[in-house]
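So the structure is just underneath, and the comments pick up after that.
Note that the coordinates shown come from a computational prediction; the quantities given were computed from them, not determined experimentally. Quick note on labels: first sequence line is chain A, next is B, and so on, each numbered from 1.
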Amino acid sequence: MAAKRKRAAKPKRNPAGDESTYERIWRVAKRIPRGHVVTYGQLAELAGLPRAPRQAGYAMASLPSGSRVPWQRVVNARGEISPRSDPGGEWVQRVLLEREGIEFDERGRIDLRRFGWRPRIA
DNA sequence: TTTATGGCTGTCA
DNA sequence: ATGACAGCCATAA
């Protein structure tokens, strides 16, 4: 019998064709409807990484240029735009969101109760 | 292989 | 309410 493995062995996805963790996150992100936002933790959870909200963030940071993933619709748990490596990027994100009809309060925060995307738990 | 990093989060003072 | 700390996990060196 196969040796018992404490944790499931890594999926060992194939180089091309199979989807990596990031791709899976991106796929979920693409489902975010316009005019709504999700938190990194939520995104990670939907992607199957309930304890890896950071990975969701890095997946966004790792997005290839030209991708149609609405990274702009991903914000932190506070409903705020997280500071990232790219200077000025948060401003861009905010503009994109406002362009979708999302409103920010004076503190630069989004009301997740109104704009938060609440997908059915798959 | 190990080590370091990083668009986070939840808890505690 | 804000500020600081530790935990978590995949990716890149």
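In this structure, A:Thr39 reaches the sugar-phosphate backbone alone: every heavy-atom distance under 4.0 Å involves primed, P, OP1 or OP2 atoms, never a base. In this structure, A:Ala61 reaches the bases: a heavy-atom distance under 4.0 Å links it to at least one base atom across the strands shown. As judged by a 4.0 angstrom heavy-atom cut-off over every strand, A:Arg107 is placed among residues touching the sugar-phosphate backbone only.
The CG atom of A:Leu43 sits 14 Å away from the C1' atom of C:dA10 (whole-angstrom rounding). Between the CZ atom of A:Arg109 and the C1' atom of C:dT2 there is a distance of 11 Å, given to the nearest Å. The separation between A:Glu45 atom CD and C:dC9 atom C1' is 15 Å, rounded to whole Å. Straight-line distance from the CZ atom of A:Arg78 to the P atom of C:dG3: 9 Å, rounded to whole Å. In this entry the distance linking CD1 of A:Ile25 with P of B:dG6 reads 17 Å, nearest Å.
When side chains are defined from C-beta on, A:Gln42 counts as touching A:Pro119, because their heavy atoms get closer than 4.5 Å.
Checking C:dA10, B:dC8, C:dC9 against every side-chain atom of A:Arg54, the shortest atom distance belongs to B:dC8. Listed nucleotides: C:dA10, C:dT11, B:dT9. Nearest to the side chain of A:Tyr40: B:dT9. Comparing atom distances between the A:Tyr22 side chain and each of B:dC8, C:dT11, B:dT9 picks out C:dT11 as nearest.
For the pairing with A:Trp117, the side-chain contact (heavy atoms from CB on, under 4.5 Å) check across A:Leu43, A:Leu112, A:Leu46 returns one residue only, A:Leu46. The only option from A:Ile32, A:Val28, A:Leu63 that meets the side-chain contact (heavy atoms from CB on, under 4.5 Å) definition with A:Val69 turns out to be A:Leu63.
Close to C:dA10, at under 4.0 Å from its OP1 or OP2, lies no side-chain N or O of A:Thr21.
Taking the nucleotide of DNA chain B with the nearest heavy atom to each of A:Val75 and A:Gln55, the more 5' of the two is matched to A:Gln55. Each of A:Tyr58 and A:Pro53 was matched to the nucleotide of DNA chain C holding its nearest heavy atom; the match closer to the 5' end belongs to A:Pro53.
Remark: A:Arg27 does not engage A:Glu23 in a salt bridge, criterion side-chain N to carboxylate O under 4.0 Å.
Pair check for B:dG6 finds C:dC9; Watson-Crick or G-U wobble, both atom distances under 3.5 Å.
We find the CD1-CG distance between A:Ile102 and A:Leu96 to be 10.0 Å, quoted to the nearest 0.5 Å.
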